[in-house]
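A quick write-up on the structure given underneath.
Please read these numbers as outputs of a predicted model, since none were measured by experiment.
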Amino acid sequence: DQQKPTCMFVALGSGKFLYDMALRIAKDYQLPIYPYVCDDFYTMAPPKTPLGSLWSKLLRRKTDRLMAKSQKILSICEPLSKTYEELFRKPAVTVMTGTNFAVAESPRVTETVDTIRYFGKVSLNRYQSLCTIGKALDRINREKGTDVKLEVYCGGMEPEEERALKECECIRLCGFISGQAFQEKFFSSPVLVHIEAFDEESIDRVRNSVSTKIADSLASGIPLFAYGPAQIASMDHLIRNSCAITARDEKQLQEQLCCLLEDAQLRKTVAEQALLTAKQHHEPAAQS
């Protein structure tokens, strides 16, 4: 009553109560709805729990009702915009996540690479992809007489995840860091790493997600190496914009890692393209 809004922006989630609140307020105040989709719960397979199918069915029903009352759909990535535009017959527009940092003026590229760094969770079987990278790096180190390390900054690992990662000679588990310590390590990284898992359940969970880490990595000007399935939105974004050195399956992995480690000009080229991509899609003021 005090603010007198003219429309309602609804960030969709997994809680069904949110949809009821939005529909009630829109009805009471005659407000047009503009939903924003960051995580795709609508097309995701139901959780494998006794009540998972019921939850998914009810959430889809609530989403249908909300979308029917919506004017236009906003989403976090192009694949999600296309999917929802087709599903709900509404116009959709992409508004990607802005970076937490200012976009760098120029690339941060070192002449040699002795360390690559991963910051983030290893859940959803991401640790398996990290292990695959670690084993490939171990082979490269043995064959070429190098000593490249993969530093993993993550807290709260499961024992199984930690055991698997420790089997790789090159992997260093550095724990969770934040604040100034995180920024110092992040911005001093010779190479940053993005990973996703290859099993169908994990792919389904993140198919249409693009994390804030992608925006931050591209804006940093540091070369980015990405390993994951091409059909995931985050990988599609990097591949489409040529802004990272990518491996889309295990067959490509060792060859692409060698390119990353040995070709300084390639690292500079992808870092320059990353900055262009960040300015176009992740510039904080524009995206906000």
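- Here the side chain of T99 pairs a donor or acceptor atom with the backbone of F101 at under 3.5 angstrom.
- For E201, the CD atom is loosely surrounded, since the number of other residues' heavy atoms within 6.0 Å does not exceed 12.
- E184 CD to S189 OG: the interatomic distance, rounded to the nearest 0.5 Å, is 11.5 Å.
- Contact of the C258 side chain with the I140 side chain is registered, since non-hydrogen atoms from C-beta on lie closer than 4.5 Å.
- In this structure, the side chains of V148 and D114 stay at 4.5 Å or more apart for every pair of heavy atoms.
- No donor-acceptor distance shorter than 3.5 angstrom exists from the side chain of E161 to the backbone of Y127, with no hydrogens or angles considered.
- For the pair E262 and K144, the salt-bridge criterion is met [side-chain N within less than 4.0 Å of a carboxylate O].
- Counting heavy atoms from C-beta on, the side chains of P91 and I73 never come closer than 4.5 Å.
- Looking at Q30, its side chain does come within 3.5 Å of a backbone N or O of K27 through a donor-acceptor pair.
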> Under the ring pair (Phe, Tyr, Trp, His ring centres under 6.0 Å) criterion, do H282 and H237 qualify, and how do the steps go?
Replying inline: CA-CA 12 Å; H282 304 289; H237 181 53; 5.1 Å; yes
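- Within the 4.5 Å cutoff, side-chain heavy atoms of Y227 are placed close to those of E250.
- The CD1 atom of I116 sits 13.0 Å away from the CD1 atom of I222 when rounded to the nearest 0.5 Å.
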> For N141 and D147, what are the C-alpha separation, side-chain angles and deciding distance, and is it a side-chain hydrogen bond (donor to acceptor under 3.5 Å, both in side chains)?
Replying inline: CA-CA 6 Å; N141 284 335; D147 188 26; 4.8 Å; no
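- Ionic pairing of E143 and R139 is not present here: no N-O contact between side-chain nitrogen and carboxylate oxygen is shorter than 4.0 angstrom.
- Remark: the backbone N or O of K213 is paired with a side-chain donor or acceptor of S217 at under 3.5 angstrom.
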> Between I76 and T94, does a side chain to side chain contact (heavy atoms under 4.5 Å, CB included) hold up when you go through it step by step?
Replying inline: CA-CA 6 Å; I76 199 168; T94 300; over 6 Å; no
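- Judged by distance alone, with hydrogens and angles left aside, the side-chain atoms of N241 form no donor-acceptor pair with the main-chain N or O of T277 at under 3.5 Å.
- Salt-bridge formation is not detected for the pair D20/K16: no Lys NZ or Arg NE/NH1/NH2 atom is positioned less than 4.0 Å from an Asp or Glu carboxylate oxygen.
- Partner of N208 under the side-chain hydrogen bond (donor to acceptor under 3.5 Å, both in side chains) criterion, chosen from D236, D39, D40, T83: D40.
- S75 places a side-chain N or O within donor-acceptor distance of the main-chain N or O of C77, the cut-off being under 3.5 Å.
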>> Could you go through F182 and F119, starting from their C-alpha distance and side-chain angles, then the distance that decides it, and tell me whether this counts as ring pair (Phe, Tyr, Trp, His ring centres under 6.0 Å)?
In response: CA-CA 9 Å; F182 165 78; F119 298 87; 5.2 Å; yes
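- R117 places no side-chain N or O within 3.5 Å of a backbone atom of Y153 that could act as its donor or acceptor partner.
- Distance check, rounded to the nearest 0.5 Å: CZ of R267 to OG1 of T269 gives 11.0 Å.
- Side chains of T97 and Q287 form no contact here, defined as non-hydrogen atoms less than 4.5 Å apart.
- By the 4.0 Å N-to-carboxylate-O rule, K90 lies too far from E85 to be salt-bridged with it.
- In this structure, M96 is not a member of the same hydrophobic cluster as M235, with clusters built from ILVMFWY side-chain heavy atoms closer than 4.5 Å.
- D249 contributes a side-chain N or O that, together with a main-chain N or O of Q252, makes up a donor-acceptor pair within less than 3.5 Å.
- Checked by atom type and distance alone, the side chain of Y19 pairs as donor or acceptor with a backbone atom of G13 at under 3.5 Å.
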>> Between H194 and L238, is the side chain to side chain contact (heavy atoms under 4.5 Å, CB included) condition met? List the steps.
In response: CA-CA 10 Å; H194 172 70; L238 299 174; 4.2 Å; yes
> side chain to side chain contact (heavy atoms under 4.5 Å, CB included) between M157 and K121: does it pass, once the steps are laid out?
Replying inline: CA-CA 8 Å; M157 288 187 197; K121 296 178 181 178; over 6 Å; no
>> For L74 and Y34: C-alpha separation, side-chain torsions, deciding distance, then whether side chain to side chain contact (heavy atoms under 4.5 Å, CB included) applies.
In response: CA-CA 7 Å; L74 298 93; Y34 294 88; 3.9 Å; yes
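- Other residues, nucleotides and ligands contribute at most 12 non-hydrogen atoms within 6.0 Å of the CD atom of E111.
- Side-chain contact between W55 and P46 is absent, with no heavy atoms from C-beta onward closer than 4.5 Å.
- With hydrogens and angles disregarded, a donor-acceptor distance shorter than 3.5 Å links the side chain of E283 to the backbone of A285.
- Remark: the D199 side chain and the N125 side chain contain an N/O donor-acceptor pair separated by less than 3.5 Å.
- Within the 4.5 Å cutoff, the side chain of S220 has heavy atoms near those of the F187 side chain.
- Both L137 and Y118 sit in one connected hydrophobic cluster of ILVMFWY residues. Membership requires side-chain heavy atoms under 4.5 Å apart, directly or through other members.
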